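Quick note: residue numbers are just sequence positions, from 1. Note that these values count all heavy atoms, side chains included, but never hydrogens, waters or copies made by symmetry. All of these numbers come straight from a predicted model, not from anything done at the bench.
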Amino acid sequence: MDSLSRRKWIKRSALGLGALTLSPFDSWANRVSLSQIENKKFLYPETQPFNEFTPPFPITETPPAILAWNENPYGFSPKAVEAMQTSIAAGNRYGWMQLNELKKKIAKKEGVGADQIMMGPGSTDLLERTAMFFFKEGGEANVITANPAYMSVVDVAQALHADWKAIKLTKDYDHDLKAMEKAIDEHTKLVYIANPNNPTGTVTNKKDLVDFCKRISKKVPVFVDEAYLEFSKNGLEDSMISLVKEGGYNVIVARTFSKIHGMAGLRCGYIVASKDLISKLNSYTIPGFGTSVPTITAVDASLYDEEHLEMCRTNIVRDREITESYLKKKKLNYLPSNTNFIIFEIPMDGKEMMSKLYEHGVMVRTFKFWDKNWCRVTIGKTAEMKIFYDAMDKIFV
């Protein structure tokens with residue numbers, strides 16, 4: 001976007017900075033707040049991983065650089081676009097048959113049985129459904145995660161009156177697996193690990209995580225969320241699906257088509273687990289019901305489109321490294337990323353940072369954890385990152 005267009009956008013949206021308008025995101029923010037107020041107290045009350053998020057702009061306006069939600073800026077593959085277009089007319093039908101065929105293909109790709117796969121409209125939906133299953137009986141249950149962590153499992157657990165044991169990452173930004181193991185008690189229903197982690201973008205050593213999962217899953221289920229794994233240094237080589245294939249371990253692995261496949265708005269994901277657990281989850285919910293025929297068709301076409309996936313990976317990793325160099329030059333402390341985003345410390349309140357960047361046409365997320373304020377920027381296309389750098393130069397002279 002040229003500078004003139006950016007100025008026009010900023011002028012049109014200026015009124016949005018004066019007042020925060022209602023948007024679809026308000027309900028998300030309110031849900032988090034209510035769970036903190038209404039449910040049991042945190043075991044770690046000093047932990048505040050996420051600032052509530054209300055975009056400082058009118059919902060009708062779109063900034064030039066949307067770098068807030070870890071979307072893949074390159075979108076889904078041309079093959080998927082073509083497949084989706086040809087299947088639009090089938091949107092009047094439920095997609096059970098197509099979904100079952102897709103599940104078989106995914107199972108073959110992952111090296112497991114189709115009865116070890118559960119599909120859903122994005123991995124977040126499956127995280128929440130799994131949490132509902134494990135915490136549905138209430139009682140003195142608890143869930144163990146990193147601090148900070150992706151909050152979907154925690155939110156559902158707390159809504160069902162469970163406690164949250166938040167274990168701070170190590171000084172190297174790994175999951176503190178020893179501390180997480182020590183925190184397990186007779187009330188622990190689930191251990192949740194996002195690898196790479198969100199919102200920190202950091203990755204946990206494969207060998208350490210394998211050893212942990214093998215040992216801990218004999219006591220309590222371990223849920224490993226691999227939404228960003230394709231962006232990491234070793235990619236899918238570090239997947240914990242190998243433990244599901246091996247058998248004998250109560251490990252659940254979540255994967256999504258929202259990130260590397262660029263289908264965040266289409267909503268499709270899956271979990272891989274033992275046949276027994278998938279059967280129990282299937283009896284508790286209707287798997288895949290929210291996944292449309294066009295989405296299924298697009299996912300099917302994208303599944304083996306390695307050329308497009310590699311293009312996305314290469315470009316995003318390149319601009320991630322450039323952004324890290326930029327932040328280093330600005331002397332802003334950032335965490336080493338293995339994802340399509342970077343999080344860095346900011347010397348101001350998160351909402352102030354959001355507003356300042358928005359004034360220059362950039363949309364990001366901000367957080368508060370470890371008694372520090374943080375800004376998380378998604379890696380967009382090179383032109384979008386240039387807008388981000390220009391905005392940062394104006395804020396951090």
Side-chain angles (χ1 to χ4, degrees), residues 28-29 31-33 35-36 39-40 42-53 69-70 122-128 130-132 134-135 141-160 162-184 188-205 208-209 212-213 216 220-229 232 240 251-254 256 258-259 271 335-339 341-343 350 365-372 374 376:
W28 183 89
R31 177 167 63 86
V32 176
S33 300
S35 71
Q36 293 175 356
N39 297 328
K40 291 184 177 181
F42 289 132
L43 292 186
Y44 297 81
E46 73 278 6
T47 299
Q48 296 178 347
F50 295 104
N51 285 342
E52 286 189 8
F53 174 59
W69 295 302
N70 303 339
S123 59
T124 294
D125 176 84
L126 294 165
L127 264 63
E128 293 180 345
T130 303
M132 282 189 279
F134 280 107
F135 295 99
N142 66 64
V143 59
I144 297 173
T145 80
N147 167 28
Y150 187 61
M151 294 295 286
S152 286
V153 168
V154 174
D155 289 344
V156 172
Q158 289 190 316
L160 296 173
D163 283 320
W164 174 32
K165 291 188 176 184
I167 309 300
K168 186 175 180 178
L169 298 176
T170 69
K171 63 181 180 180
D172 296 322
Y173 313 112
D174 285 352
H175 282 79
D176 192 337
L177 299 177
K178 291 182 179 179
M180 294 179 85
E181 181 173 3
K182 187 175 180 180
I184 295 172
T188 302
K189 297 291 185 180
L190 190 68
V191 175
Y192 171 76
I193 294 175
N195 195 43
N197 191 37
N198 182 15
T200 61
T202 51
V203 70
T204 296
N205 177 271
D208 293 342
L209 187 54
F212 176 85
C213 288
I216 301 306
V220 62
V222 180
F223 197 140
V224 183
D225 182 355
E226 297 181 349
Y228 298 94
L229 193 60
S232 67
M240 294 298 109
V251 174
I252 311 158
V253 179
T256 185
S258 295
K259 306 305 176 184
I271 57 175
L335 302 189
S337 176
N338 273 267
T339 62
F341 61 86
I342 299 174
I343 196 165
R365 287 292 309 274
T366 57
F367 303 83
K368 185 176 180 64
F369 55 85
W370 305 342
D371 295 322
K372 299 175 182 179
W374 302 80
R376 189 190 71 188

Exercise for the section: Would you give the length of the straight line joining atom NZ of Lys189 to atom CD1 of Ile144, rounded to the nearest 0.5 angstrom? Expected result: 12.5 Å
Practice task
Evaluate the side-chain proximity of Asn195 to Leu209: yes if any heavy-atom separation is below 4.5 Å, no if none is.
Solution key: yes
Exercise for the section: Quick one: pull up CD in Glu226 and OG1 in Thr256 and give me the separation to the nearest 0.5 Å. Expected result: 12.0 Å
Problem - Side-chain (Asn198) to main-chain (Tyr150) donor-acceptor, under 3.5 angstrom - result: no
Exercise for the section: Verify, without hydrogens or angle tests, whether Ser152 (side chain) and Leu127 (backbone) share a donor-acceptor contact under 3.5 angstrom. Expected result: no
Practice task
Answer yes or no: is there a side-chain heavy-atom contact under 4.5 Å between Met180 and Ile193?
Solution key: yes
Exercise for the section: Please confirm whether the backbone N or O of Ala183 pairs with a side-chain atom of Lys165, one donor and one acceptor, at under 3.5 Å? Expected result: yes
Practice task
Grab the two heavy atoms, one from Trp69 and one from Lys259, that are nearest each other, plus how far apart they are.
Solution key: O-NZ, 3.5 Å
Fill in the blank from the handout: What one should report as the nearest heavy-atom pair of Thr200 and Pro148 is CG2-CG, 3.6 Å
Exercise for the section: Return yes if a side-chain donor-acceptor contact under 3.5 Å exists between Thr188 and Asn142, otherwise no. Expected result: yes
Problem - Sub-4.5 Å side-chain heavy-atom contact between Phe212 and Met240 - result: no
Completion exercise
Nearest heavy-atom contact between Val143 and Ala157 is CG1-CB, 3.9 Å
Problem - Phe341-Tyr228 aromatic ring centre distance below 6.0 Å - result: yes
Problem - Residue that, paired with Leu177, satisfies side-chain contact (heavy atoms from CB on, under 4.5 Å) out of Asn205, Val191, Asp208, Ile167 - result: Asp208
Exercise for the section: Side-chain contact test, heavy atoms from C-beta onward, threshold under 4.5 Å: evaluate it for Ile271 versus Ser123 and give yes or no. Expected result: no
Practice task
Search all heavy atoms of Cys213 against all heavy atoms of Val222 and return the closest pair with its distance.
Solution key: SG-CG1, 3.9 Å
Completion exercise
Smallest heavy-atom separation, Ala146 atom then Leu169 atom, equals CB-CD2, 3.7 Å
Practice task
Without swapping roles, check the side chain of Glu128 against the backbone of Val156 for a donor-acceptor pair under 3.5 Å.
Solution key: no
Problem - Check: Ala227 main-chain N/O paired with Asp225 side-chain donor or acceptor under 3.5 Å - result: yes
Practice task
Determine whether Phe134 and Ile252 make a side-chain contact, defined as any pair of heavy atoms from C-beta on separated by less than 4.5 Å.
Solution key: yes
Practice task
Measure up the Trp374 and Phe369 rings against each other and bin them: parallel (under 30°), tilted (30 to 60°), perpendicular (over 60°).
Solution key: parallel
Problem - Side-chain touch Leu229/Pro196, heavy atoms, less than 4.5 angstrom - result: yes
Handout entry: Pairwise distance OG1(Thr170) to CG(Asp176) - rounded to 0.5 angstrom
Key = 6.5 Å
Problem - pair Asn70-Arg376: side-chain heavy atoms closer than 4.5 Å - result: yes
Handout entry: Smallest separation among heavy atoms of Val220 and Ile184, with atom names
Key = CG1-CD1, 3.9 Å
Practice task
First locate atom OH of Tyr192, then atom CE of Met151, and finally report the distance between them rounded to the nearest 0.5 Å.
Solution key: 10.5 Å
